[in-house]
Amino acid sequence: MTRAHPLFTSLSTPFSKVLIANRGEIALRVMRSARALGYRTVAVYSSADAGARHVQAADQAVCIGEPLPAQSYLNIPAIIAAAQLSGADAVHPGYGFLAENAAFAAACRDAGLVFIGPSPEAIRAMGHKAGAKQLMVDAGVPCIPGYQGADQGAERLAAEALRIGYPVMIKATAGGGGRGMRRVDSAEDFAAALRSAQSEAQNAFGEPEVILERAIQEPRHIEIQVFADRHGNAIHLGERDCSVQRRHQKLIEEAPSPAVDADLRARMGATAVAAVKAIAYEGAGTLEFLLDSAGQYYFMEMNTRLQVEHPVTEALTGLDLVELQLRVAAGEPLPLSQDQVRFSGHAIEVRLCAEDADRGFMPQSGAMALWQMPESGPGALRVEHALVSGAEIPPYYDSMIAKLVSHGATREEARRKLLAGLEDAVALGVTTNQRFLARCLAHPVFAAGGATTGFIATHQADLLQADAPALQRASALAALLLFETAGGLRALAENRRLTHTLPIGLRFEIDGAARSVALTQLAAHRFQALVDGRSFELALVAIDAHELRFSCDGLLDRLVYLRDGHSLLLRYGGVPYRVDDRTRSASARQGEVAGGDGKLRAAMNGRIVAVAVAVGDRVQAGQPLLTLEAMKMEHVHAAPLSGTVTALHVAVGEQVAARRVVAEIQADAAVVTDPAAAA
C-alpha cells in the first residue's frame with residue numbers, strides 16, 4: 001500500500017485556481033497548460049508590467065508593487081496576499097525569482113496553498129550549492145574538487161583557492177543563472193573577483209556566501225531532467241547539452257547531447273534519479289553536470305524547478321512538463337515509468353536576448369518598435385515569448401525575451417530549421433543577440449556537434465566579425481529607404497515619375513559606422529547606389545508600411561523596415577540594422593562613445609549599486625569607478641581616461657538611463673585627447 005511521505009500531509013492535494021508567481025513568457029507557458037487541464041489562472045505584475053501580455057492573458061491579475069526598490073516579484077507577503085485576494089489555491093513559481101526559494105514554498109504551505117514544486121525541505125537541501133554538494137559527496141556522486149565550508153573569510157577563501165589550484169570558479173551558494181559566478185585565473189585577481197561575486201550574490205539572492213571549485217577546462221555542460229512524485233516514483237527524461245554559454249549563462253541548448261551515448265545517458269540518469277529519491281523530491285528538477293573530454297562527469301548543482309530549456313525535452317519525449325508538474329502537485333502518480341520514456345529526433349533551443357553581443361553582451365532595454373516572430377505550430381518552430389510591437393522591455397529583469405525551438409528527425413534538420421526561423425524573426429528597436437545566435441548555429445564547430453563551454457570564448461572573433469559585403473548592401477538599401485523622406489519612394493509607390501537624375505549624396509550612420517552613399521536614378525523604379533566605391537543596381541518592386549521588395553544586382557529579395565523617430569530600423573538577410581541620419585562629425589561621435597571628452601556615460605538603463613571613487617580622486621584609465629546593475633547582472637564602469645574626478649552625478653541606489661553622464665574626469669595635462677588641439 002502506498003503511504004504518504006512524512007513531509008506531505010496527504011497524497012491528494014486538489015486545487016482549481018493557479019497563481020503564477022512570475023512574468024513574461026514563462027507565465028504564458030504555465031497558463032497554457034493550466035487552462036488545458038481546466039484550471040483558472042491568476043497573474044501578478046509589477047507596475048512596470050501593467051500592460052504585459054501575461055497580465056492580459058490571465059483570468060485575473062493583481063499588482064504587487066513597484067519594480068524597485070521593493071523588487072515586487074520577490075515580495076513573498078505581497079504574492080501570498082495576491083493569492084488570497086484572488087481565491088487562488090495553488091502557486092506555480094515558474095523559473096527565476098522565487099522558484100527555488102525555500103521560504104516562499106514554506107509560506108505557500110503555511111497559507112494553505114499548494115506549491116507546484118518540491119517541498120521547502122527539498123529546495124533547501126538541493127538549492128544551496130554547498131549543502132547539495134556535500135549531500136552528493138556523501139552519496140558517492142562524482143563532484144568537482146573544491147571548498148564549500150562555512151568559513152567565508154577572504155583570507156580562508158584565498159587560501160582554499162591556492163590549495164585547489166588555479167583556475168578556480170567562485171560560485172554563489174544560492175541561486176543560479178551565472179549570477180555571483182566568476183572564473184579566476186590567478187591569485188592576483190582573486191580578491192577583486194571575490195568581492196564582485198559576493199556583491200552580485202547579495203543583490204540577486206540576498207546571500208553573499210560562495211563556494212570554490214576547480215575550473216574544468218572546456219567541458220560539456222550536461223543536465224539531466226528528472227521527475228518524481230509523492231508516491232515514491234522517480235524517472236529521468238534524458239539529457240540536455242547546454243554548453244554554448246556567455247557570462248556562465250546558457251544561450252543554446254539541445255537534446256540529445258552530441259557527446260552522450262546510450263550507456264552514459266543511462267549512468268547519468270541513474271545518478272540523478274538516485275539523488276532525488278534520497279531527498280523525497282517531488283516535481284520537476286534538473287541535475288547539472290560537467291562532462292570532461294575523457295567522459296568523466298561531475299555534479300555541479302541541482303535546479304529545483306522547471307528549466308528555461310524544458311521545451312527541448314518536451315519536443316523529444318512528447319510530454320508536457322508543466323502538465324506533469326500540475327498533476328504531481330495535485331497528488332497524482334507519474335503517468336509513465338522509466339522504460340516507457342521514448343525519445344524521438346533532435347531538438348535545439350536558442351535564447352533571444354535583449355543584449356549587445358558586440359559590447360560584451362551588455363543588456364539592453366527600451367521599446368521594441370517592431371516584433372514579428374515566426375509562426376509557431378506543428379512542424380514549425382516553437383516560439384515562446386510575451387512581446388508585441390511597441391512593448392517596453394524594462395531594465396529590471398532578465399534579458400531573455402524569447403525562446404525559439406526546433407525539432408527535426410536529425411540534428412542537422414533541427415539546426416537548419418532553427419537557423420532559417422531565427423533569420424525570419426523581426427526584432428527592431430532594441431538591440432538583440434539575433435545575429436550572434438545565427439552565427440553560432442552556422443559555425444562549423446557547432447554544426448559538427450563539437451561545442452564545449454569554451455565555444456564562444458574560443459571563436460568569438462569569428463562570431464563577432466563584421467560582414468563587410470552585407471553591410472555595404474544594407475547601406476545601399478538604407479540610402480534608398482532614407483530617400484523616402486524626400487518623397488522619392490513614396491512617389492514610386494504611387495507610380496509617379498521622379499525628376500532626380502543627378503547623384504544624391506546621403507550621409508548616415510548604420511550600426512554606428514559612418515556612411516556616404518551616392519544614389520542616382522537610372523530610370524523609373526531603377527537606381528544605382530555607390531557605397532565605398534562599389535556600385536549596386538537596385539530596382540524597386542513593391543513597398544508597403546513595413547516591407548520593401550526589390551532586386552539588388554538582379555537578385556529579387558525583400559527586407560523589413562520601420563521608421564522609429566529619426567532612425568530607420570531594418571532587417572535584411574536575417575540581420576537587424578539601425579540607421580541614423582548623420583547630424584555631427586564621426587570624430588565627435590567617436591570621442592563621445594570612447595569617453596574622450598572625460599564624461600563617463602551609463603552603458604544601459606540600470607541601478608547604481610556601488611561607487612568606488614569620490615570627487616577629487618586621481619584615477620587611471622580603466623580603473624573601476626562605479627557598478628551598475630541591470631537585468632540581474634552587475635556591470636563595472638571604468639574610467640575612460642587618466643585624470644581627476646571632477647564630478648559624480650549619481651549615488652548608490654539611484655536609477656539611471658542609458659547614456660546619462662554619471663561621472664566626469666579632467667584629463668591629465670600631459671594627455672592630449674583632441675588631435676586638432678595638438679596642431
Side-chain angles (χ1 to χ4, degrees), residues 2 4-5 7-8 11-13 15 18 26 29-30 32-34 36-37 90-95 99-100 105 114-123 125-127 132 136 141 222-240 242 253 255-257 260 265-289 299 301-344 347 349:
T2 302
H5 190 279
L7 295 180
F8 304 110
L11 286 174
S12 179
T13 47
F15 52 90
V18 180
I26 183 55
R29 165 72 188 92
V30 173
R32 188 168 68 241
S33 291
L37 292 177
V91 173
H92 193 299
Y95 41 68
E100 295 180 282
V114 175
F115 182 75
I116 302 172
S119 67
E121 292 79 8
I123 295 175
M126 298 304 287
M136 295 299 100
V141 175
I222 307 295
E223 60 188 28
I224 303 293
Q225 175 72 62
V226 292
F227 245 99
D229 62 28
R230 65 187 63 167
H231 301 266
N233 305 307
I235 60 174
H236 74 84
L237 301 179
E239 84 284 354
R240 297 184 289 257
C242 308
E253 303 99 350
S257 167
V260 175
R265 180 175 303 115
R267 287 190 287 120
M268 295 181 75
T271 297
V273 168
V276 298
K277 283 188 172 181
I279 59 170
Y281 192 81
E282 176 186 341
T286 306
L287 278 86
E288 306 209 2
F289 300 88
F299 172 80
E301 63 186 22
M302 182 178 184
N303 291 304
T304 54
R305 55 172 169 82
L306 196 68
Q307 293 279 85
V308 174
E309 56 273 18
H310 76 274
V312 297
T313 297
E314 292 185 325
L316 249 63
T317 61
L319 299 171
D320 182 329
L321 300 195
V322 175
E323 178 185 335
L324 286 180
Q325 283 187 299
L326 294 165
R327 292 189 181 280
V328 166
E332 297 182 25
L334 286 171
L336 75 170
S337 60
Q338 189 65 61
D339 60 4
Q340 292 175 310
V341 176
R342 297 289 182 268
F343 304 105
S344 174
E349 172 183 288

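Bear in mind the structure is a predicted one, so any value in this text is a computation, not a measurement.
- Qualifying side-chain contact (heavy atoms from CB on, under 4.5 Å) partners for Arg267, counting only residues two or more places apart in sequence or in other chains: Asp263, Leu264, Tyr297.
- A distance of 13.0 Å separates CD in Gln338 from CZ in Phe227, rounded to the nearest 0.5 Å.
- With a 4.5 Å cut-off on side-chain heavy atoms, Val308 and Glu349 count as touching.
- The shortest non-hydrogen separation linking Ala122 to Thr304 is O-CG2, 4.3 Å.
- Contacts of Glu253 classified as salt bridge (Lys or Arg N to Asp or Glu O under 4.0 Å), with partners at least two apart in sequence or in another chain: Arg351.
- The heavy-atom pair separating Pro118 from Ala105 by the smallest distance is O-CB, 4.4 Å.
- Across all non-hydrogen atoms, the minimal contact from Asp229 to Gly232 is OD1-N, 3.2 Å.
- His231 places a side-chain N or O within donor-acceptor distance of the main-chain N or O of Gly331, the cut-off being under 3.5 Å.
- Using modelled atom types, one finds a donor on one side chain and an acceptor on the other under 3.5 Å when comparing Gln325 with His92.
- With respect to the salt-bridge test (charged N to carboxylate O, under 4.0 angstrom), the residues Asp320 and Arg29 qualify.
- Between the CG atom of Leu336 and the CG atom of Leu324 there is a distance of 7.0 Å, given to the nearest 0.5 Å.
- Under the salt bridge (Lys or Arg N to Asp or Glu O under 4.0 Å) criterion, Arg240 pairs with Glu223, sequence neighbours left out.
- With sequence neighbours excluded, the residues that form a salt bridge (Lys or Arg N to Asp or Glu O under 4.0 Å) with Glu288 are Lys250.
- Rounded to the nearest 0.5 angstrom, Ile123 CD1 and Glu100 CD are separated by 7.5 Å.
- Side-chain contact check for Tyr95 versus Gln307: every heavy-atom pair is 4.5 Å or farther apart.
- At a threshold of 4.5 Å between non-hydrogen side-chain atoms, the residues Val114 and Val91 do not count as touching.
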| request: Show the numbers, then the answer: is there a side chain to side chain contact (heavy atoms under 4.5 Å, CB included) between Met302 and Val226? | output: CA-CA 10 Å; Met302 182 178 184; Val226 292; 4.3 Å; yes

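- One finds the CE atom of Met126 at 5.5 Å from the CG atom of Leu287 (value rounded to the nearest 0.5 Å).
- Under the rule for a salt bridge (Lys or Arg N to Asp or Glu O under 4.0 Å), the partners of Arg327 that lie at least two apart in sequence or sit in another chain are Glu323, Glu332.
- Here the side chains of Pro256 and Phe343 are not in contact, with every heavy-atom distance at 4.5 Å or above.
- Looking only at side-chain heavy atoms (C-beta outward), Thr313 and Leu319 stay at 4.5 Å or farther from each other.
- Applying the ring-ring contact (aromatic ring centres under 6.0 Å, His included) rule to Phe15 yields the partners Tyr39; only residues at least two apart in sequence or on another chain are considered.
- With hydrogens and angles ignored, the 3.5 Å screen pairs no side-chain donor or acceptor of Glu282 with any backbone N or O of Gly117.
- Taking every heavy atom of both residues into account, Leu334 and Ile235 meet most closely at CD1-CG1, 4.1 Å.
- In this structure, Thr286 and Glu309 have side chains that are not in contact, with every pair of non-hydrogen atoms separated by 4.5 Å or more.
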| task | Could you give me the CA-CA distance, side-chain angles and deciding distance for Arg342 and Gln340, then say whether side chain to side chain donor-acceptor pair (under 3.5 Å) is met? | result | CA-CA 6 Å; Arg342 297 289 182 268; Gln340 292 175 310; over 6 Å; no

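- In terms of heavy atoms, Gly285 sits closest to Tyr281 at CA-OH, 3.5 Å.
- The NE2 atom of His310 lies 5.5 Å from the CD1 atom of Ile26; values are rounded to the nearest 0.5 Å.
- Annotation: the span from Ser344 atom OG to Leu316 atom CG amounts to 7.0 Å, rounded to 0.5 Å.
- When all heavy atoms of Ile116 and Pro93 are compared, the pair lying nearest together is O-CD, 3.4 Å.
- With no hydrogens or angles considered, a side-chain donor-acceptor pair links Arg230 and Thr13 at under 3.5 Å.
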